[in-house]
Amino acid sequence: MQVAILGAGFTGLTAALRLLQKGHRVTIFEKENVVGGLASGFREKNWQWDLEKAYHHWFTNDASALSLAKELGITVLIKRPSTDVYIKGRQLPFDSVLSLLVFPYLPIGDRLRTGLTLLFLKMINNYHKFDNQKALPWIKKWMGERSFATIWQPLFRGKFGAYQDEIAMSWFWARIKKRTPGLAYPQGGFGTFSQSIADRIRQLGGKIYLGREVKTGNSFNDKYDKIIITLPNPIFIKLFPRLPKKYVAKISSIQYLHALNLVLILKKPFMKKTYWLNIADSSFPFLVAVEHTNFMDEKYYGGKHIVYIGNYLPKEHRYFKMTKEELLKEFDPFLKRINPVYNLSLINYHFFTGPFAQPVVTLNYQKKMPDFETPVKNVFLANLSMVYPWDRGTNYAIELGEKVVERVLK
Ligand SMILES: Cc1cc2nc3c(=O)[nH]c(=O)nc-3n(C[C@H](O)[C@H](O)[C@H](O)COP(=O)(O)OP(=O)(O)OC[C@H]3O[C@@H](n4cnc5c(N)ncnc54)[C@H](O)[C@@H]3O)c2cc1C
């Protein structure tokens, strides 16, 4: 069978690999000049490793990703970097029972309530009762008014902005359930990992066309037996303008946020040892600071220290129209609240965007989620809006790539 795959992110690459291993012929069309999609990387002079354009790690229970890495002979490093929260001008540990027990901004009763509720979420497996419950009222009810107002509401506001009140509890459950204290990272970076999959695809006879943006879906039907589309729903709809209205209305009801990352390259560390800093302060124009070199050694990046300043925003937000200089100017006073002299050691910085990076998981999301099979004969859809209840991630992209192949071959 001849299969065309649109998109060379982790979903498309995995689907291609599995089809080739089963003896089918595969051609991938990718808009960008690199493979890896949202997890693709770049490399500065004197760096030994690629760096993702947006912060990336795996949890130690990301079984599909870890098993593909093993299959391709890629070493996976596991570490336990620290997670903190920035709150009321202070940076506080926020990644263990102990850190919650000594958390200064909540009375002891609220700390215990918060801890027990998180433990409860970690223990339960049946998330379906959360499908149609909103996250913020649930959190307020069980963790208490103060925990809600001090920690969770600012975090939800930072991540989802205008959608904060619509987020389903199942999204929050998945975030807590999946977290592991240890984090994993492929040696060489996610860019190198995606490149290894691409190399294996080519060894097996698959073709990958880079820099090939597909603008219409119709031309594929004559040349290929099956087409797998791994692009976001709004792009899929544009490629096939004659899709039934009901289907379009259903999948268009899924909203997306777009990712923004300012990557700072510094001579000195930005934070002492923190890897992940959640910003629970609604006055900040960003959601998270991630010091990659407090996770992976700076020796792989020419001894430089690397920090991501990240946010998720609607596509029309003014930040997406800014230059990197304008964005840094906007963020600078807030970066100085975390490290007042960071600018003295700033060597270089990059501004990357991730389109359609975060589907907004609202009530009864499952009913909005597209199926692999589409109304167009022999055209299959597999994208990051389809990994519910889990939040998007390369582990689920790999799993999705494998599952769509099963469906295509059925
Ligand atoms: C800020 C951020 C942080 C993240 N952190 C993590 C993390 O820590 N761990 C983790 O595992 N995951 C993380 N993720 C998620 C992870 O990157 C994605 O879930 C995963 O890469 C999705 O893979 P995909 O193949 O489904 O989609 P994509 O990577 O979006 O791939 C789709 C591909 O289609 C291409 N394309 C689009 N339009 C066209 C067209 N018209 N023609 C041809 N090609 C086209 C795109 O260029 C892209 O390469 C993060 C994502 C972001 C944005």
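As the structure lists them, so they are numbered: ligands from 1, and atoms in each ligand from 1.
Looking only at protein heavy atoms, the nearest one to atom 19 (O) of ligand 1 is Gly393 N, 3.0 Å. If you check which protein heavy atom lies closest to atom 48 (C) of ligand 1, you get Glu30 OE1, 3.4 Å. Nearest protein heavy-atom neighbour of atom 8 (O) of ligand 1: His57 N, 3.0 Å. From the protein, the heavy atom lying nearest to atom 26 (O) of ligand 1 is Thr11 OG1, 2.6 Å. Nearest to atom 5 (N) of ligand 1 among the protein's heavy atoms is Tyr55 O, 3.1 Å. The nearest protein atom to atom 6 (C) of ligand 1, hydrogens excluded, is given as His56 CD2, 3.4 Å; this is a heavy-atom distance. Of the protein's non-hydrogen atoms, Lys31 N, 3.3 Å is the one closest to atom 43 (C) of ligand 1. Of all protein heavy atoms, the one closest to atom 22 (C) of ligand 1 is Ala397 CB, 4.1 Å.
In this structure, the separation between CZ on Phe351 and NZ on Lys53 is 13.5 Å, given to the nearest 0.5 Å.
At a cut-off of 3.5 Å, with distance as the only test, no side-chain donor of Thr114 or Thr117 sits close to an acceptor on the other residue.
Among Asp62, Asn261, Thr353, Leu38, the residue whose heavy atom lies closest to atom 29 (O) of ligand 1 is Leu38. Around atom 27 (O) of ligand 1, the closest heavy atom drawn from Ile229, Asn383, Thr230, Leu260 belongs to Thr230. Considering Gly37, Ala65, Ser194, Ala357 only, the shortest heavy-atom separation from atom 53 (C) of ligand 1 involves Ala357.
With Phe59 as the aromatic partner, Lys178 does not meet the cation-pi criteria of under 6.0 angstrom to the ring centre and within 45 degrees of the ring axis. Both the sub-6.0 Å distance and the 45° axial angle are not jointly satisfied by Lys403 relative to the ring of Phe372. Taking the centre and axis of the six-membered ring of Tyr105, the NZ or CZ atom of Lys88 falls inside the cone set by 45° and 6.0 Å.
The pair Arg407-Glu373 meets the salt-bridge criterion, since a charged nitrogen lies less than 4.0 angstrom from a carboxylate oxygen. Taking a cutoff of 4.0 Å between a charged side-chain nitrogen and a carboxylate oxygen, Lys22 and Glu406 do not qualify as a salt bridge. Ion pairing of Lys367 with Asp131 is absent here, as no side-chain N (NZ or NE/NH1/NH2) approaches a carboxylate O to less than 4.0 Å.
In terms of heavy-atom proximity, Glu44 sits nearest to Asn348 at OE2-ND2, 2.8 Å.
Distances shorter than 4.0 angstrom do not occur between any heavy atom of Lys215 and any atom of ligand 1. Look at Tyr312 and you'll find a heavy atom under 4.0 Å from some atom of ligand 1. Not a single heavy atom of Leu6 sits closer than 4.0 Å to an atom of ligand 1. For Gly354, the heavy-atom gap to ligand 1 stays at 4.0 angstrom or more.
With a 4.0 Å heavy-atom cut-off, ligand 1 is reached by the backbone of Thr394 and by its side chain too. Of the heavy atoms in Leu400, none comes closer than 4.0 Å to ligand 1. In Gln358, neither the side chain nor the backbone holds a heavy atom less than 4.0 Å from any atom of ligand 1.
Ligand 1 has a nitrogen or oxygen under 3.5 angstrom from a nitrogen or oxygen of Val214. Inclusion of Phe190 in the set of residues having an N or O under 3.5 Å from an N or O of ligand 1 is not warranted.
Residues satisfying the side-chain hydrogen bond (donor to acceptor under 3.5 Å, both in side chains) test with Ser64, not counting sequence neighbours, are Glu399. Under the rule for a side-chain contact (heavy atoms from CB on, under 4.5 Å), the partners of Glu298 that lie at least two apart in sequence or sit in another chain are Thr293, His305.
Here is the list of ligand 1 atoms found below 4.0 Å of a heavy atom in Glu32: 47 (O). Within ligand 1, counting atoms from 1 as listed, the ones closer than 4.0 Å to a heavy atom of Arg212 are 42 (N), 43 (C). Atom numbering of ligand 1 starts at 1 in the shown order; those under 4.0 Å from a heavy atom of Ala54 are 1 (C), 2 (C). Residue-ligand proximity, Leu384 to ligand 1, at heavy-atom distances under 4.0 Å covers atoms 19 (O). Each of the following atoms of ligand 1 lies closer than 4.0 Å to a heavy atom of Phe29: 43 (C), 44 (N).
Annotation: Phe352 is in aromatic contact with Phe42 [ring centroid separation under 6.0 Å].
Ring orientation note: the planes of Phe220 and Phe29 are nearly perpendicular, at an angle over 60° on the 30°/60° scale. Ring geometry for Phe156 against Phe160 counts as tilted: the plane angle lies between 30° and 60°, on a 0 to 90° scale.
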**Prompt:** How far apart are the C-alpha atoms of Leu346 and Leu328, what are their side-chain angles, what is the distance that settles it, and do they pass the side chain to side chain contact (heavy atoms under 4.5 Å, CB included) test?
**Reply:** CA-CA 11 Å; Leu346 185 67; Leu328 181 65; 3.7 Å; yes
